[in-house]
Amino acid sequence: MNMVQALNSAMDVMMARDDNVVVFGEDVGYFGGVFRCTEGLQRKYGRDRVFDTPIAEAGILATAVGMGVYGLRPIVEIQFADYIYPATDQLVSTAARLRYRSAGEFTAPITVRAPCGGGIFGGQTHSQSPEAIFTHVCGLKTVIPSNPYDAKGLLISAIEDDDPVIFLEPKRLYNGPFDGHHERPVTPWSEHEAGEVPDGHYTVPLGRASVVREGEDVTVLAYGTMVHVALAAATEAELDAEIIDLRTLVPVDIDTIVASVTKTGRCVIVHEATRTSGFGAELSALVQENCFHSLESPIARVTGWDTPYPHSLEWDYFPGPKRVAEGLRRAMED
Amino acid sequence: MNMVQALNSAMDVMMARDDNVVVFGEDVGYFGGVFRCTEGLQRKYGRDRVFDTPIAEAGILATAVGMGVYGLRPIVEIQFADYIYPATDQLVSTAARLRYRSAGEFTAPITVRAPCGGGIFGGQTHSQSPEAIFTHVCGLKTVIPSNPYDAKGLLISAIEDDDPVIFLEPKRLYNGPFDGHHERPVTPWSEHEAGEVPDGHYTVPLGRASVVREGEDVTVLAYGTMVHVALAAATEAELDAEIIDLRTLVPVDIDTIVASVTKTGRCVIVHEATRTSGFGAELSALVQENCFHSLESPIARVTGWDTPYPHSLEWDYFPGPKRVAEGLRRAMED
Amino acid sequence: MKNTIPLQLHVPEPPARPGQAPDFSWLQIPEAGSVPRPDTATEPQEMRPLAYTLIRVLDEAGAAVGPWNPRLDPETLRRGLRTMMLTRAYDERMFRAQRQGKTSFYMRCTGEEAIGVAQAMALDDRDMIFPTYRQQSILIARGWPLVDMMNQVFSNTQDRLKGRQMPIMYSSKQASFFSIAGNLATQFPQAVGWAMASAIKHDDRIAAGFIGEGATAEGDFHHALTFASVYGAPVILNIVNNQYAISSFQGIAGGEHSTFAARALGYGLPALRVDGNDFLAVYAATRWAADRARSNRGATVIEHFSYRATAHSTSDDPSKYRPAEEAALWPLGDPITRLRAHLTALGEWSDERQAQLSTEVDNEVQQAQREAESYGTLGTGEHHSPATMFDDVFKEMPWHLRRQRQELGF
Amino acid sequence: MKNTIPLQLHVPEPPARPGQAPDFSWLQIPEAGSVPRPDTATEPQEMRPLAYTLIRVLDEAGAAVGPWNPRLDPETLRRGLRTMMLTRAYDERMFRAQRQGKTSFYMRCTGEEAIGVAQAMALDDRDMIFPTYRQQSILIARGWPLVDMMNQVFSNTQDRLKGRQMPIMYSSKQASFFSIAGNLATQFPQAVGWAMASAIKHDDRIAAGFIGEGATAEGDFHHALTFASVYGAPVILNIVNNQYAISSFQGIAGGEHSTFAARALGYGLPALRVDGNDFLAVYAATRWAADRARSNRGATVIEHFSYRATAHSTSDDPSKYRPAEEAALWPLGDPITRLRAHLTALGEWSDERQAQLSTEVDNEVQQAQREAESYGTLGTGEHHSPATMFDDVFKEMPWHLRRQRQELGF
Ligand SMILES: Cc1ncc(C[n+]2csc(CCOP(=O)(O)OP(=O)(O)O)c2C)c(N)n1
Ligand SMILES: Cc1ncc(C[n+]2csc(CCOP(=O)(O)OP(=O)(O)O)c2C)c(N)n1
Ligand SMILES: [Mg+2]
Ligand SMILES: [Mg+2]
């Protein structure tokens, strides 16, 4: 399966198992979503469990909260992560805070799916990676898969989770493990082992990172598309890098991070989002707080620039394998 | 002047100097604002330059953007920083991006004033410090004053600035330099030298920190209320701490930070906001990147917890002088 | 080509400011009983005038008149009166408690008691309420213990919300009363979502959302009406127009050129505009709307036209922005006085019974307060352990919160 | 007490899906000339029916009839026809350029040309437009160079927006055409803010905002109408109802039980609903609304009833969700065909002149394209230097952006 099919399968499995699972969002019903992630679900589960909504992201989140309070488990799609901002208040002030403010009486077990990241010439409003904002909001979990197997397993975990989960889907990975070499064709997921996705129910737990490549020289903390870029960069820099796919940003898997950096003594953090106050800052602070005495060189951040995502210059913005490799080399210097 | 009067004076001065300055927001007109910051301005400058608005923070920001495009310089008040979330899309997708997306043709020279921070038993929706979110948004400047003199000078700079500025006002400082000792009465600003505020026009530049206390042992990076808490903590811990009041978070004054940490070799970061992905994370990452070889102990963060701001337990949430002093001692240990 | 008149900004001003005499000349009050009551099966577009009038049942003499008269029996009326009086007594006590330093903040609903009480009585107890902060009367009408409410107001050791929430931010799943939000308007589209869920599950429970006229300006209001219209959600969307949003009169919210009820029409939703100080009118309107919702005819918007008789909250001083006498002279009177007059006119009430009831509710409140205070007040500082501060952020506490709790010493 | 009917969720469905015959039976089309034209001084509440009808000027025979006939001279009509044809030719060329890999994306306004062109011609060139992504016709009507627009579409070295923006996100201060937003609806309340500023400064310029019927569901729409109503802002609030929002028919946006124009009424704003494929109707409605705005009578909402004749964008395939023939059979026809018929009926046009004009606009577009391509296309990769990526985030570049630019090697 590619990632779109894996996500579709996760929703399919959960809708079949649990009558309380409903799916809605802009264009997700008859049409099956602009990225086709919900294709066939309306036909299979009916219009009152899978439906199109008005274009009002705040309305989508608000009704999802109300449904969650009733006892449903809504999965909502925000067409692009860039369009989640109108829903900020409903997310921050309500979904994230409901359990706390009602001391557990009312909850919002919502999964918010949103395609994120660039690389499709989407310009500043179809390319953003806003994860850092959600990680600052207590009460929200934030998840970003990097491959179809994880995508399905994590999405099922997110749907089953009793807390609101922001589930960001790196749209550049929908069809294959894009490693930043935009000049080359992408191999399809069918040729990748993580494209082997079971049909049925399984979970990949939230809060657990995955060491996608073991190494001794330097630790790379990455998630989403950047996992594949980091893999390419490590190979190209000929470094024995240990690459960690965080998968869940909150709660982050601190043990795996600390174990790795304690071992390697060096750390490079990679993300596509703008740098200042990106999630890389939190990771850097955590590594520094927990591994200070192991660190042999400064923790490096390789990230998107602090500019909007530019249309024609997107490959100059994107932290591709060359820039990541440079970061790795820098981390090896001191 | 206390801080309310200083802010009022900044707006008064700017409205008198520049016909294009307008002030609006919820209850800011006839009533003069729930914290009285705009008192008397409507009477003085007329109803079409100072007016009440419908309760729609996104509408306030949107109309401010439109006015900015026309050529005005709107100052808008968001009644509590906690209520800025409905305006996120207008702030992020428009105000912050307008200069970039029009290559400088259209701009949004808006100042968004919002009282922030806790300590008034306001519970989770009248106590938040959401600055980190804005610092992640390229195109926005974020300012937080810690005393009346700076408040006036920085607000004038913000109004004169041609880019959108988020101007957060620690409401606990409106009446005096609150140092976290909530059990003691606060001395009024009239007894503090920063309460001596000139009547006329002057500026405190954006992007420049202030070293409020020089010291050799450890650097404290703080802003807003925490500046006063840090001062108290340093005295109580009997440490020769250098305390830096950042004043502007974006663009942050990296030179002052680096000079200080290079000198002291130790750094404690203090803020009231929740810890994870707070602005402290960015500061920690920056210090680590720029001063790695000078650091003698891990950079410590003393912050609000990753929970909503609780009503009755607010002093257990608030990072008061005791916790900051502990952080200072920890930084001195290694 | 162009007209050369210079453009002008219009900024609405209230009819009177402090120092001026209250002015009600703008108010159009139709006679009680004069507004027709269409069948609930009527198409919304045939009922548009109901958004521009005022449904009133109680006339000046205290008689219940016209087609909207819900013909309630005296027992029900007395229960309504008692609940309104209990609410007011509760408010007065809690207001004083705040002034005495027993808590940080309080908000009264004085003058607006009929809205919550009559609506609660006209609904089923299992119908879900998404309130604002001025519907404490609904909890009281549903028999929720005053002690429990006070525990919340005092943030004491028995506060089910563990002292986390500001006073008056009640929450009771058992009473089908949603957790009150600090961020205005958020609950309004949530009520629609809850109602949609009830429809998805072929349930028979409906929802009722509340919003102040000031907060209708938020985008959430628009989302609520849009989604309610699109999906035919079984929900009552109540707008409480108490003329003020803190210091701003309703013209600033957009009430100068239209009614708030009329907002509904553009979405194809029916709207009723009712005298919110008329217990019977509110009751009847609620029943009408509930009947529509329960028979799959979808949502109804109700504007309750009322007056915020006291300050916005304990932090507010209305004499700074409106004439002091405006409240007392409000032409639609006081809901308690009016229902009492009705019962008296019916021969079902007397000054003695009134005095007795007054003492009774005072005692009830006093007794509850004594108990609640025995669990502590914010002023005296008995509260939940700081360790509880880290609970309920998530269902299970993640490592970083556990570490932070340890940092705090727990 | 309760009705026992199980509740049901209503989910709107379009009249026809792929494989079904298009169904227009729901459409109510009043005869051209049949809708009265009130004086612009009329009170909004007296004009409510205008929100539920359809103002049409051009009849089936191509005659201009009724009180809304703007009585334009043939020269103006021919200019309108030419601008619409130029827009369509431009769209076709750019669409093909995208298919040829010269750019990443394109959006046509096919079938909606009259809306932008007639409105632009009825306004003053200094009136400020806050467009969506389907009003390229306004730029063209204002005489903005096609080459400049193409440079933006191609993100080439002459793109004034420095390749930053996706294709079609034009911006031109000189043409009083606001930078197009990716986030739907944001521009609508901004138009109101601009108009408020114009009023504050006693200027005589008005604003015109545009929004799709789908995007009216966003909170921004509500804020625009609320602020426009409260402050009497001199603005025209245009809703382009082209029946679709990507794959969703207008019922999903809330068009099943009401018109989009009718949203205005609840705010006390007047609304006109016009045949958006009728050049003369759009022109007349715009003039009426502009006259109101310029004489300090405030905002008008106009719903332009039209049909999105082609795909949403180059990324879209409408055959997946609507009958293929629906566009061709749209009962209100094509705006170019209709204006041409009118000119012909007037004896002011001929098939020869039409053919000639067609060649002329094609050549004009072709020539512009040749020039634009000489500055590069996205496909060939000539563009601004990556160093420019760091400009204009702020007026002055702060240290962190300077450092990042250095990191990139500039
Ligand atoms: C999003 C948001 N903005 C602003 C506020 C501050 N605020 C609290 S109550 C209030 C006035 C609300 O007025 P209205 O909706 O009429 O309700 P009422 O108080 O009259 O019952 C305001 C502005 C808030 N709580 N939330
Ligand atoms: C806030 C936001 N949400 C979603 C989108 C994605 N999107 C782009 S166009 C569109 C449909 C808009 O339809 P409509 O408003 O009717 O305009 P039309 O395309 O028909 O001109 C959607 C959902 C967006 N750009 N912005
Ligand atoms: Mg009110
Ligand atoms: Mg459309």
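Convention: sequence-line order gives letters A, B, ...; per-chain numbering from 1. Note: hydrogens, waters and symmetry copies are ignored here, and every other heavy atom, side chains too, is used.
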(request) Identify which of C:Lys201, C:His10, C:Glu43 forms the greatest number of heavy-atom pairs closer than 4.5 Å to chain D. (result) C:His10
(message) Heavy-atom pairs under 4.5 Å with chain D: which of C:Ala217, C:Gly232, C:Ala51 has the most?
(response) C:Ala217
Sort [X] into side chain, backbone, both or neither according to what part of it lies under 4.5 angstrom from a heavy atom of chain D.
X        : answer
C:Phe227 : neither
C:Ser229 : both
C:Ala197 : neither
C:Ala293 : backbone

(request) Report yes if some heavy atom in the side chain of C:Leu265 is under 4.5 Å from a heavy atom in the side chain of D:Leu265; otherwise report no. (result) no
(request) Answer yes or no: is there a side-chain heavy-atom contact under 4.5 Å between C:Pro12 and D:Val230? (result) yes
Quick check: does any side chain N or O of [X] sit under 3.5 Å from a backbone N or O of [Y], one acting as donor and the other as acceptor?
X        : Y        : answer
C:His223 : D:Gly219 : yes
C:His202 : D:Leu7   : yes
D:Asn296 : C:Gln8   : yes

(request) Please list, in residue-number order, every residue in residues 257-264 of chain D that has a heavy atom less than 4.5 Å from any heavy atom of chain C; write 'none' if there are none. (result) D:His257, D:Ser258, D:Thr259, D:Ala262, D:Arg263
(request) Give the ring-plane orientation class for D:His222 versus C:His222, where under 30° counts as parallel, over 60° as perpendicular and anything between as tilted. (result) parallel
(message) Using 0.5 Å steps for rounding, measure from the OH atom of D:Tyr231 to the CD1 atom of C:Ile252.
(response) 5.5 Å
(request) Look at D:Leu225, D:Asp203, D:Leu9 and state which one has the largest set of heavy-atom pairs under 4.5 Å with chain C. (result) D:Leu9
(message) For the interface with chain C, which of D:Met196, D:Gln45, D:Arg48 has the highest count of heavy-atom pairs at distances below 4.5 Å?
(response) D:Arg48
